[in-house]
Amino acid sequence: MKIYISAILVMATIALCAQEINDNTEKWSSGRPDGHAPISVMGDHMHGKGEWMFSYRYMYMNMDELKQGTDNASYGNALENYMVTPTSMPMNMHMLGTMFAPSDKITLMAMINYITMEMEHINRMGGTFTTETEGFGDVQLSVLYKFFNANLQSLHAQLGFSIPTGGISESDITPASAPNETELPYPMQLGSGTFDTNLALTYLGQSNSVSWGSQVRGLFRFGKNDREYRLGNRYSWNNWFAVKTTDWLSFSARLEGLAISKIEGADPNLNPMMVITVDTSNSGGTLVNSGIGFNLYVPTGALKNLRFGFEWAMPLFQDVNGIQLRTKESVTLETQYSF
């Protein structure tokens, strides 16, 4: 949280200094491969008046083995206090998005996603089983406002809201519940169940062959859902650097600090003594994530403004509350077309 506040102060200082900038100077441009941030950064760019963009994004994230604080933990450590522990959880997310700019200062954004998840488990007797869930997640709606674009620098803010369309009572069969289904733990649910607010501030800069950016973001959850809990707030500070090697290709590197609060409240249908993922003390933490990737861009011809982005990411540091699955690698790909 302290890092998040510091990031806001830094970005606010940039915004105040920007008031002195003349809008007639050379502008930051999105019409190059590094004109967008690494593909895992959301709400990173804006569009000119009347411009549309449609996108398809795919993300794979893997969680495997256990972490307790900053240390690696064994399944035996978890099974000392719980009947069951997860061993892995791969997730696949498909996202469809659209952006439209009614003016040069304002861009509107909407996104829907479809999620599939699996969780492998082991119990004290050595038995293993798998649970699965899939479906649509929460709908995201946002408005982006541009403060300035001059001297090859740009600054804009994002105000977003999520509509709780994703399920929070997803269930599956387990050995303890067979032949009936039982409600799945918090990480296996598709949505938050609450109306959440997303705030972000993004700074962009570029030179002839290099670009860079910084984004501070907060996801704030209010109230509690129908299951009497609220997921934790999320605070992130993303920083990236990209090199334009040609008019159609750039390579990027990214570093992110991420803080996640614990779950507030508890679902009365879940037994916190059964498995680590239903004990809310085993939620939230701090991570430092890294990513490397590339962006492809079509600068001319019939497919002008078509983009493709790729990023591979891996945590450099994890400090989790309690005992949790360890976050491993993630892969993000996206195709974008604007006109």
Checklist entry - Does the side chain of Tyr75 come within less than 4.5 Å of Thr87's, by heavy atoms? => result yes

In this structure, OH of Tyr186 is separated from OG1 of Thr277 (nearest 0.5 Å) by 9.5 Å

With sequence neighbours left out, the residues meeting side-chain hydrogen bond (donor to acceptor under 3.5 Å, both in side chains) with Tyr114 are Glu134

Report task. Scan side-chain atoms only and decide if Ser162 and Gln140 contain a donor-acceptor pair under the 3.5 Å cut-off. Result -> no

What one should report as the nearest heavy-atom pair of Arg221 and Gly232 is NE-O, 2.9 Å

#### Entry: Any side-chain heavy-atom pair of Thr332 and Tyr58 under 4.5 Å
no

Under a 3.5 Å cutoff, is there a donor and acceptor pairing between the side chains of Gln215 and Thr202?
yes

Validation row: Phe310, Ile39 side chains within 4.5 angstrom (heavy atoms): no

* Asked: Are Phe54 and Tyr337 an aromatic pair by the rule of ring centers under 6.0 Å?
  -> no

Correct closest heavy-atom pair for Asp138 and Gly193 would be OD2-N, 4.4 Å

When you measure from the side chain of Asn198 to the backbone N and O of Leu219, does any donor-acceptor pair fall under 3.5 Å?
no

Value for CD1 (Ile276) from CD (Gln324), rounded to nearest 0.5 Å, stands at 7.5 Å

Shortest non-hydrogen pair, Ile122 vs Leu79, comes out as O-CD2, 3.9 Å

Asp34 and Ala242 have their tightest heavy-atom pair at CB-CB, 3.9 Å

inquiry  = Working note: Ser250 + Arg32, criterion side chain to side chain contact (heavy atoms under 4.5 Å, CB included); need CA distance, chi angles, decisive distance, verdict.
reply    = CA-CA 9 Å; Ser250 66; Arg32 43 190 275 183; over 6 Å; no

| Do Phe136 and Asn113 come within less than 4.5 Å of each other through their side chains, counting heavy atoms only? | no

Practice item. Taking the side chain as every heavy atom from C-beta outward, state whether Trp52 and Thr98 have any atom pair closer than 4.5 Å. Key: yes

Inset, instruction - Look at the aromatic rings of His47 and His36 and report parallel, tilted or perpendicular, splitting at 30° and 60°. - result: perpendicular

task: Report yes if the side chains of Leu333 and Tyr60 come closer than 4.5 Å at any heavy-atom pair, otherwise no.
output: no

* Trace of the side chain to side chain contact (heavy atoms under 4.5 Å, CB included) decision for Thr245 with Phe251 -> CA-CA 8 Å; Thr245 57; Phe251 293 93; 3.8 Å; yes

- [ ] Examine distances only and state if a side-chain atom of Arg326 and a backbone atom of Gln68 form a donor-acceptor pair shorter than 3.5 Å.
- [x] no

* Can you find a heavy atom in the side chain of Pro315 that is under 4.5 Å from one in the side chain of Asn289? -> yes

Of Ser330, Ser252, Ser40, the one forming a side chain to side chain donor-acceptor pair (under 3.5 Å) with Glu311 is Ser40

- Item | Under 3.5 Å: donor-acceptor pair, side chain of Asp319, backbone of Gly285 | no

Residue pair Ser88 / Glu120, side-chain donor-acceptor N/O under 3.5 Å
no

Residue pairs meeting salt bridge (Lys or Arg N to Asp or Glu O under 4.0 Å), one or both in residues 260-279, sequence neighbours left out, come to Arg227-Asp267

Lys27 side chain to Asn149 main-chain N or O, any donor-acceptor pair under 3.5 Å?
yes

Could you tell me how the ring of His94 sits relative to the ring of Tyr56: parallel (under 30°), tilted (30 to 60°) or perpendicular (over 60°)? parallel

Q: Output, in order, the C-alpha distance, side-chain angles, deciding distance and verdict of side chain to side chain contact (heavy atoms under 4.5 Å, CB included) for Asn295 and Leu249.
A: CA-CA 6 Å; Asn295 283 353; Leu249 175 64; over 6 Å; no

Side chains of Thr131 and His121, heavy atoms from C-beta outward: is any pair under 4.5 Å? yes

Residue set satisfying side-chain hydrogen bond (donor to acceptor under 3.5 Å, both in side chains) with Gln189, at least two apart, ordered chain then number -> none

